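When reading the values below, keep in mind they use all heavy atoms of this one structure, side chains included, and skip hydrogens, waters and symmetry mates. In the text below, chain A, chain B and the rest are named by the order of the sequence lines, each starting its count at 1. As the structure is a prediction and not an experimental result, all values here were calculated from the model.
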Amino acid sequence: MKKQLITSALLYVNGLPHLGHLVGCLLPADICARFQRQRGRETLFICGTDEHGTVSEVGAAQEKMPVADYCKKYHDRHADLYRRFNLSFDFFGRTSSDQNKEITYRIFHKLDENGLIEEKTTKQVYSPDDDRYLPDSYVIGTCPYCGYDRAKGDQCENCTKVLDPTDLIHPRSVLSGSSNIEIRETKHLFLNLPKMESELSNWIETKKGVWPDIAYSIAKKWLKEGLRERGITRDLKWGFTVPKAGFENKVFYVWFDAPIGYIGITKEWADAVPGRSWEEWWLNPDNVNHIEFMGKDNIPYHTISFPATLRGTREGWTEVGFLKGMNYLNFAGGKFSKSAHRGIFLDDALTEFPVDYWRYWLIANAPESDDASFTFDHFAATVNKDLNDVLGNFINRVLKMTSNNFGTVIPPMGPVTDAETDLYAALDTLVADYARYMENLEFRKAMATLREIWVSGNNYIAKTEPWKVVKTDKAYAGTILNTALNLIRLFAQMAAPVMPETAEKMLALVGEPADFVWPTEKMATYLTTLPAGRAFLPSDPLFSKITPERLEELKVKYKETES
RNA sequence: CGCGGGGUAGAGCAGUCCGGUAGCUUGCCAGGCUCAUAACCUGAAGGUCGGAGGUUCAAAUCCUCCCCCCGCAACCA
């Protein structure tokens, strides 16, 4: 079995993340990492913040802070939120680290040696009043086609025409509002993607039917349109200085050093403890399976530019083996918006409900095949039904029935009947299905199966009717409840990748340590494991329902009804 | 003709590659049970599979055209 290298897209450090960011890459990556570890595979889960670029410089200026301090402040806030969401990174690093600089330079020099770096002169908008070059979208003016007066320099939002900043009437800086702008010629370095087009095309073709459709088809789309040379430098101050004569006052473009950040962050991880090796993960393609998670907007960079960057060095870097691309999660029909603060942000989410409510809902409704929508109605319905009625109530009824009839100890297991063997057979199949879906990263199907696994518990209880049996055949009632308590252990292990906190509580209820280990035995064995006589904990219900009144409050508070 | 994704019961989705009387969850209705968080279990109703043509003994599935929604379009990361 290869080692599993798992990366989530690096979120831009500016601003704070919302549920869309969580479900688009961070959470599925975490669930994958937890599942891989639970199966006993050597796993490294890497993530971090992406920190370079214009947006950071502008954000820092707005908060009147040095850019480095600004990035550190937001990096720490991201890290804190993700820790509270139980994201199990082996290392959460930064693209601005010295380690990333070292790897970025190494890769750049190799690409240059191999003749893949070219110089070109381009025209850029310069704003003397802002004392900086402006990205096209930072120039606004009147659209020459439709007259919209806030058209951006790359595209008019009103009529959707693609524009150049020079097309705009009365162009001005979005930062200062100054219309004193000029077009300057400036030299930049480009990565020669056309030289690598056929190589990339052959490689992508091997992913047909292997990667999710959205990943394959977006990559194909770019290839079909023909690759262009891609600028990898910018006229900014915040970033890695370009180590090439004549370019010392420029920095690398974020999209050059950001994906290299996966490697740089792995080196941060390795440097933190003696004996760790980042090369065993990144220069070891035969023994490492790299799984990447990202939103669909990231797919071109991870299927085209980043693979080209690594391949162009001819150094044998570990390349992506499976790319899980996700669609977007919308909020009540519209978009989540960082700038307008529309939607549910992670800090708010944590104040409203326990983390596992969010983790379960998000992954059970992950936008895998199409964009999905968050609504409080759907959220409450799922939490109330799946977590409270199906899982929580099962645990509660079993614990109460047992303690009412046998005290708070696990009753002995006696001879089994058809009801038990039917249960074993059903669960052997369901657990295998569930494992397969998790293995294939088909999260919605996996969660539907997880739910079926929980339902099988209620089914078993309904069929065997222990509340009746206990009056006539106490020994068999003990067998039923023993089995049911074993089911709690099984359900905890099954839920562990998705709801680690709840899974830990469930294991504690039946006196098991918080070790997440995937069952390898058949159910006939696995469900007779708990020792009779062991004390278990009486417990309040693990979940509580969202009331209609609470639901209405939430809709108002988060302005769900506005679109 | 810019490109991609999507359009399947009230809602959320699977099925489409490899054609064979349309499936899951939820909601709604009825019954059962009464250990449990008014919960659990069973059953019923509910769809001309976006539209129109075509191929076929047979089309949600294959082909052609059209309509609607979402996203992307390389300097917003």
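- Summarising the geometry, the separation between CH2 on A/Trp454 and C1' on B/U25 is reported as 14 Å, rounded to the nearest angstrom.
- A/Asn298 comes within contact range of at least one nucleobase, with a heavy-atom separation under 4.0 Å.
- With B/A14, B/G12, B/C40 as the candidates, the nucleotide lying closest to the side chain of A/Lys445 is B/A14.
- Contacts of A/Pro466 with the nucleic acid, taken as non-hydrogen atoms under 4.0 Å apart, are absent.
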Pairing of RNA chain B as dot-bracket, 5' to 3': ( ) intra-strand, [ ] crossing, | other strand, . unpaired, with Watson-Crick or G-U pairs under 3.5 Å? .(((((((.[[[[.)....(..]]]]..((((.......))))......[[[[[..)....]]]]])))))).....
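- In this structure, A/Lys220 places its NZ atom 19 Å from C1' of B/A73, rounding to the nearest Å.
- Contacts of A/Lys296 with the nucleic acid, taken as non-hydrogen atoms under 4.0 Å apart, involve only primed sugar atoms and P, OP1 or OP2.
- A/Asp371 comes within contact range of the sugar-phosphate backbone alone, with a heavy-atom separation under 4.0 Å but no base atom that close.
- Of the listed nucleotides (B/U42, B/C72, B/C35), B/C72 has the atom at the smallest distance from the side chain of A/Tyr328.
- Smallest separation of non-hydrogen atoms from A/Asp50 and A/Leu10: CB-O, 3.9 Å.
- Residue-level contact check: A/Val455 touches the backbone only, with heavy atoms under 4.0 Å from sugar-phosphate atoms and none from bases.
- Protein atom NE2 of A/His188 is 17 Å distant from nucleotide atom P of B/A74, rounded to whole Å.
- The residue A/Tyr133 sits apart from the nucleic acid: no heavy atom pair falls under 4.0 Å.
- Taking the side chain to side chain donor-acceptor pair (under 3.5 Å) definition, one finds that A/Arg228 meets it with nothing, sequence neighbours left out.
- Contact annotation for A/Ser369: backbone-only contact, meaning every heavy-atom pair under 4.0 Å involves sugar-phosphate atoms and none involves a base.
- Taking atom CG of residue A/Leu134 and atom P of nucleotide B/C76, one finds them 13 Å apart after rounding to whole Å.
- Put simply, OH on A/Tyr262 and SG on A/Cys47 are 7.5 Å apart, with the number rounded to the nearest 0.5 Å.
- Geometrically, A/Lys120 engages A/Phe190 in a cation-pi contact defined by less than 6.0 Å to the ring centre and at most 45° from the axis.
- If you check every strand for non-hydrogen atoms under 4.0 Å, A/Gly392 touches a base.
- Put simply, the side chain of A/His21 gets close to the backbone of A/His18: a donor and an acceptor are under 3.5 Å apart.
- In this structure, A/Asn393 reaches the bases: a heavy-atom distance under 4.0 Å links it to at least one base atom across the strands shown.
- One N or O donor and one acceptor, one from the side chain of A/Asn388 and one from the base of B/U37, sit under 3.5 Å apart.
- A/Tyr253 comes within contact range of the sugar-phosphate backbone alone, with a heavy-atom separation under 4.0 Å but no base atom that close.
- At a threshold of 4.0 angstrom between heavy atoms, the contacts of A/Lys468 are confined to the sugar-phosphate backbone, with no base atom among them.
- Residue A/Glu197 contributes atom CD, which lies 14 Å from atom C1' of B/A74 at whole-angstrom precision.
- An OP1 or OP2 oxygen of B/C76 is reached within less than 4.0 angstrom by no side-chain nitrogen or oxygen of A/Asn14.
- Counted by atom type alone, A/His188 and A/Thr122 present zero donor-acceptor pairs between their side chains at under 3.5 Å.
- Because its NZ or CZ atom is both nearer than 6.0 Å to the ring centre of A/Phe353 and within 45° of the ring axis, A/Arg550 counts as a cation-pi partner of that residue.
- Stacking of A/Lys474 on the aromatic ring of A/Phe406 is recorded, both the 6.0 Å distance cut-off and the 45° axial limit being met.
- Comparing the C1' positions of B/C17 and B/U61 gives an interatomic distance of 10 Å, to the nearest angstrom.
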